[in-house]
Amino acid sequence: MPKYASRMRTVKRVEAGKENGKSILIVRHAESVANVKGVLAGRIDPTPLTQKGRTAAEALSPVVVAFKPELTLVSPLLRCRETIELAAPVEAQVDERVIEMDYGSWSGKSLRNLSRRPEWKRIQKDPGSFTFPKGESFASAAARISDLLGEIQDRKEKRCLIVSHGDICRILINSLLDRPFNAFQKILIEPGSHSLLLTDGNGREQVATLAYLNRLPVPTSSKVAKRFQLGGE
């Protein structure tokens with residue numbers, strides 16, 4: 001518990017200046033079997049957590065408890081539901097808007113092999129123009145995230161916890177910071193990490209302040225997450 005004390009004080013300190021806004025804690029699911037295998041799981045389910053992932057999810061408990069979420073939204077996929085169930089006994093609502101990207105025919109494929117495809121550079125540089133074969137476009141994912149964030153701003157709850165996937169977490173954070181859409185690919189979000197953003201409370205046109213990004217309660221050795229930035233492994 002002591003190693004989290006400074007983090008808890010940080011959260012309370014930055015929230016103090018945002019009494020009329022929202023605090024949004026964004027958690028990426030902990031390490032899954034697909035992460036270790038280096039494959040793009042997408043919406044393939046079940047893709048459970050590894051033992052290391054389960055330990056990392058449990059290590060998130062002090063973070064979630066200190067945050068005291070009033071609203072918890074979770075992807076319907078098992079790896080996200082396991083993460084929040086192991087992290088803390090909070091009442092979570094499954095929300096399809098934070099489900100992983102639909103990678104279509106790329107789902108289940110090796111990230112190493114996918115990274116050699118000519119489309120990979122386009123995904124990194126201009127994801128907003130890309131639609132996965134037989135799958136979803138990044139623009140479609142951005143639209144559902146925009147709808148979700150607008151609803152969160154309209155709700156009465158002040159502290160919202162979202163448990164989702166790599167690309168979706170990046171798009172969430174990027175959208176809240178009002179950065180150009182394609183810039184989301186430059187945000188690193190590792191399995192089991194948590195990021196905190198604070199909004200100014202000025203309705204749907206709000207822009208958030210980043211309190212912290214990609215914090216890990218325990219060290220990770222996931223080479224896949226660091227080497228490939230498509231998300232959703």
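Predicted model, so just to flag it, every value in this text is computed and none were measured.
What you find for Ser195 and Ile189 is that their closest heavy atoms are OG-CD1, 3.8 Å. Of all non-hydrogen atoms in Val64 and Pro69, the two that sit nearest each other are O-CD, 3.4 Å. Summarising the geometry of Asp167 relative to Gln185, their closest heavy-atom pair is OD1-OE1, 4.3 Å, with the distance given to 0.1 Å. Considering all non-hydrogen atoms of both residues, Asn35 and Ala30 come closest at OD1-O, 3.9 Å. Taking both residues in full, the closest heavy atoms of Glu100 and Gly166 are given as OE2-N, 4.3 Å, listed atom of the first, atom of the second, then distance. Looking at every heavy atom in both residues, Ala183 comes nearest to Arg179 through O-NH2, 2.9 Å.
Checked by atom type, the side-chain pair Ser107/Arg43 shows no donor-acceptor distance below 3.5 Å. Side-chain contact, Asn214 with Ser193: a donor N or O sits under 3.5 Å from an acceptor N or O. Side chains of His165 and Ser75: a donor-acceptor N/O pair is present below 3.5 angstrom, by distance only.
In this structure, Phe130 and Phe138 have tilted ring planes: the angle between them lies in the 30° to 60° band.
Thr83 places a side-chain N or O within donor-acceptor distance of the main-chain N or O of Arg79, the cut-off being under 3.5 Å. Ser140 contributes no side-chain N or O that, together with a main-chain N or O of Ser137, makes up a donor-acceptor pair within less than 3.5 Å. Side-chain N or O atoms of Lys22 include none that pairs as donor or acceptor with a backbone N or O of Arg159 at under 3.5 Å. With hydrogens and angles ignored, the 3.5 Å screen pairs a side-chain donor or acceptor of Ser164 with a backbone N or O of Val98. Counting only distance, with no hydrogens or angles, the side chain of Asp200 and the backbone of Ala208 share no donor-acceptor pair below 3.5 Å. Using a distance-only test at 3.5 Å, with no hydrogens or angles considered, a donor-acceptor pair links the side chain of Ser61 to the main chain of Ala87.
You'll find the side chain of Arg97 reaches within 4.5 Å of the side chain of Asp147, heavy atoms only. Here the side chains of Ile24 and Ile162 are in contact, with some heavy-atom distance below 4.5 Å. Within the 4.5 Å cutoff, the side chain of Leu176 has heavy atoms near those of the Ile26 side chain. A 4.5 Å side-chain heavy-atom check between Leu71 and Leu161 finds every atom pair outside the cut-off. Annotation: side chain of Phe184 is not in contact with side chain of Ile173 (no heavy-atom distance under 4.5 Å). Residues Arg122 and Ser129 form a side-chain contact, since some pair of their non-hydrogen atoms from C-beta on lies under 4.5 Å apart. At least one side-chain heavy atom of Val36 sits under 4.5 Å from a side-chain heavy atom of Glu31. Proximity of Thr72 to Glu91: side-chain heavy atoms (C-beta onward) are nowhere separated by under 4.5 Å.
Hydrophobic cluster membership of Leu77, counting Ile, Leu, Val, Met, Phe, Trp and Tyr whose side-chain heavy atoms lie under 4.5 Å apart directly or via other members: Ile99. Other residues sharing the hydrophobic cluster of Leu49, ordered by chain and number and joined by side-chain separations under 4.5 Å: Leu86.
Placement of Ile171 and Leu213 within a single hydrophobic cluster is found when ILVMFWY residues are connected by side-chain heavy-atom separations under 4.5 Å, directly or transitively. Under the 4.5 Å side-chain contact rule for hydrophobic residues, Leu114 and Ile123 share a cluster. Val94 and Leu78 sit in two unconnected hydrophobic clusters of ILVMFWY residues. Membership requires side-chain heavy atoms under 4.5 Å apart, directly or through other members. Grouping the Ile, Leu, Val, Met, Phe, Trp and Tyr side chains by contacts below 4.5 angstrom, directly or via other members, places Phe181 with Leu177.
Atom CZ of Arg144 has more than 12 heavy atoms from other residues, nucleotides or ligands within 6.0 Å.
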Could you go through Trp106 and Lys134, starting from their C-alpha distance and side-chain angles, then the distance that decides it, and tell me whether this counts as side-chain contact (heavy atoms from CB on, under 4.5 Å)?
CA-CA 9 Å; Trp106 284 32; Lys134 300 181 181 179; over 6 Å; no

Check against side-chain contact (heavy atoms from CB on, under 4.5 Å), Gln153 and Leu149:
CA-CA 6 Å; Gln153 285 305 117; Leu149 292 176; 5.8 Å; no

Does the side-chain contact (heavy atoms from CB on, under 4.5 Å) test come out yes or no for Leu73 and Ile152, once each step is laid out?
CA-CA 10 Å; Leu73 304 176; Ile152 288 174; 4.3 Å; yes

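In this structure, Glu119 has no salt bridge (charged side-chain N to carboxylate O under 4.0 Å, His left out) partners at least two apart in sequence or on a different chain.
For His194 and Phe67, the ring centers sit 6.0 Å or farther from each other.
By the 4.0 Å N-to-carboxylate-O rule, Glu151 lies close enough to Arg155 to be salt-bridged with it. Between Arg54 and Glu82 there is a salt bridge, since a side-chain N of the basic residue sits under 4.0 Å from a carboxylate O of the acidic one.
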